[in-house]
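Below is one structure; the comments refer to it alone.
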Amino acid sequence: MLEVTSIQKGIVLDHITVGNGLKIFNKLMLDQVDYPVVLLINVPSKFMGKKDIIKIENNIDIDLDFLGLIDHNISVNIIEDGALTQKKKVAIPNKVKGLFSCHNPRCITNFDDYVKPKFELVSPSTLSYQCEYCEEITEYRL
Amino acid sequence: MIPQPIKHLIEPEDFTIEELNTLIALAKEMYTFPEKYSEKCKGKILATLFYEPSTRTRLSFESAMLRLGGKTLGFSDANTSSVSKGESIADTISVISGYADIAVMRHPKEGAPKLASQYAHIPIINAGDGGHQHPTQTLTDLLTINMHKGSFENQTVAFCGDLKFGRTVHSLIKTLARYNIKKFILVSPEELTLPDSLKTKLLREYNVELKEVRFLEEVIEEIDILYMTRIQKERFFNEADYNRLKDSYILDLQKIKAAKEDMIIMHPLPRVNEIAYEVDADPRAVYFEQAKLGVYIRMALITKLLGVE
């Protein structure tokens, strides 16, 4: 099997649902960074059958709400001196600010640059969020 | 002393039933003894921020403030304001907060008054935001019903016309459900029925009875309050459907022949042709009085939000 060495200091995004790895890689704009990043896809997994993994050899700020929105199965592993120091599980965020836009074309958030759209989760199964301003429902799609 | 948070009216739910009742009582008092309140807002300024024209609503607010002895300033078209130069709502409202004591906002984009309220240092009243909310119309409707029916109990309320896009209908039906009105009749063509999400909310949260029919004649005898709305041609997929249905939703004397003697006919105005002119002289037609009452409920609202009762 293909071997990828462990990282010394940085972040490992594990348990990514197959197919989401590349999308997250692009969303985090990891193609534009100057430190080592590895994207692994279709990695055999005991629990998931297959999974994607992203290894980032750098300490970066990751928005857990953002990851939870994209894929709530992800585990975030913080690595220091080659050892796991912290493991975080992400979750579907109940409140979201500015991560996506309101689908209602008449909503003020699509016209006023000053305001960031804010949403509250109404249905986790469909990732449906209600806009705080126009109250319309937007279903989040990656 | 901890400063009180500024109270705004963005949607009817911003006020509890008790607060709505207080407003209605105050509006009735103002209607009966207007001179008592003619200087209540002396020295106060109302800003009318109309990002789209709505002459009727703006004049109603201006009339309300002038009857309270206050003054008004504002704009009635976004093209004449700094908005045309691309100013954000947050900036506009921060500036206006220094010019006026209270502001009323009409905006074509949904959620704009709510956004304004988050940056304002003065009370904000939503005077209509796109197809979203128009709470002072709801207050006007409540006052009209209260004046004519005394109470909200045991009333059967029918909404007729465009129930899909009519924001006044959505707002009023939710508020009446909060008032424990249990029976609603929905009269509309199939294309313009009340949205399912609202129906579900009414049934689940308020346990109301909803009766849906296509034609008014089927239910006219049961109705205590008839709320008419306009059916717009552009809401239909094709002209043939519109032409086939439009006459069914025009109220005339023939259609209300079998109605109760004390039924009231309401309409948020302006009407186009959905109520025949011959109905105007019928004592059951209260829509012009409804428009007049709108001034008094706005007077009550302004004094309440300014804290000068």
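The figures here come from the full heavy-atom set of this structure, side chains too, leaving out hydrogens, waters and symmetry mates. The chains referred to below are lettered A, B, ... by the order of the sequence lines, with proteins before strands, and numbering in each begins at 1. This one's a predicted model, so the numbers in the text were calculated from it and none came from an experiment.
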Chain A shares the most heavy-atom pairs under 4.5 Å, among B:Glu110, B:Lys109, B:Gln133, with B:Glu110
Quiz item: Side chains of A:Ser123 and A:Ser128: donor-acceptor distance under 3.5 Å anywhere?
Solution: no
Would you please indicate yes or no on a ring centroid separation below 6.0 angstrom for B:Tyr51 and B:Phe75? yes
Does NZ or CZ of B:Lys7 come closer than 6.0 Å to the centre of the six-membered ring of B:Phe15, within 45° of the ring's axis?
-> yes
Applying a strict 4.5 Å limit to non-hydrogen atoms, the region of A:Asn104 in contact with chain B is side chain
Worksheet item: Without hydrogens or angle criteria, can the side chains of B:His132 and A:Glu135 be said to hold a donor-acceptor pair below 3.5 Å?
Response: yes
Applying a strict 4.5 Å limit to non-hydrogen atoms, the region of A:Asp113 in contact with chain B is neither
